[in-house]
Amino acid sequence: GQKRQRSTGFNTVPRPLCSRKVSAMMLAETANRTSVTLQDLQAIVINLERRPDRMEGCARRLEASCPELRFARFAATDGKATSISESEVGTSWHTARNVVYQKQRSIRKGWDDLDSYQERRL
């Protein structure tokens, strides 16, 4: 039979010929490239003033899993504490972009339900 190929983004090496040392080097290089990419980004964490525990938990998880990623807190509007005028609230939604994503996901996962995704105006 045919040998399975493993794509690493650098080059493709047939599985039986790929050594652990080469794999470790490729993983380290990929991690380094990811680290450099994350250093160029800044995430925004939306958080309610009354839930500092959630912000602290999110910060701990981000620092543990993505230490290179910079992030800043953005204060969420608290609907329980602040009245939001109707002029600032979206009252309709068009699902066209959602449908595009849903179809891509369906194809990627091999689902047979493409005809079920329909654009709607809500």
Exercise for the section: Please name all residues satisfying side chain to side chain contact (heavy atoms under 4.5 Å, CB included) with Val99, sequence neighbours left out, ordered by chain then number. Expected result: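 With neighbours one apart ignored, the set is Thr95, Gln102, Lys103, Tyr117, Glu119.
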Hey, could you give me the [atom1]/[atom2] distance between [X] and [Y], rounded to the nearest 0.5 Å?
| X | Y | atom1 | atom2 | value |
| --- | --- | --- | --- | --- |
| Met55 | Ile46 | CE | CD1 | 11.0 Å |
| Asp113 | Arg105 | CG | CZ | 9.5 Å |
| Cys58 | Phe71 | SG | CZ | 6.5 Å |

Exercise for the section: Find out if a path of hydrophobic residues (ILVMFWY) with successive side-chain heavy-atom gaps under 4.5 Å connects Leu114 to Val100. Expected result: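 No, because Leu114 and Val100 fall into different hydrophobic clusters, even though each may have its own neighbours under 4.5 Å.
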Problem - Expected output: side-chain Gln42 to main-chain Gln39 donor-acceptor under 3.5 Å - result: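 Not confirmed, Gln42 side chain does not pair with Gln39 backbone.
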Any side-chain heavy atom of [X] sitting closer than 4.5 Å to one from [Y]?
| X | Y | answer |
| --- | --- | --- |
| Glu56 | Arg60 | yes |
| Glu49 | Asp78 | no |
| Leu48 | Arg54 | no |

Practice task
Kindly check if the number of other-residue, nucleotide or ligand heavy atoms within 6.0 Å of CZ (Arg108) is above 12?
Solution key: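 Yes, because the 6.0 Å sphere around CZ of Arg108 holds more than 12 heavy atoms from other groups.
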Exercise for the section: Count the heavy atoms belonging to other residues, nucleotides or ligands that lie under 6.0 Å from CD1 of Ile84, then report whether that count exceeds 12. Expected result: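 Enclosed.
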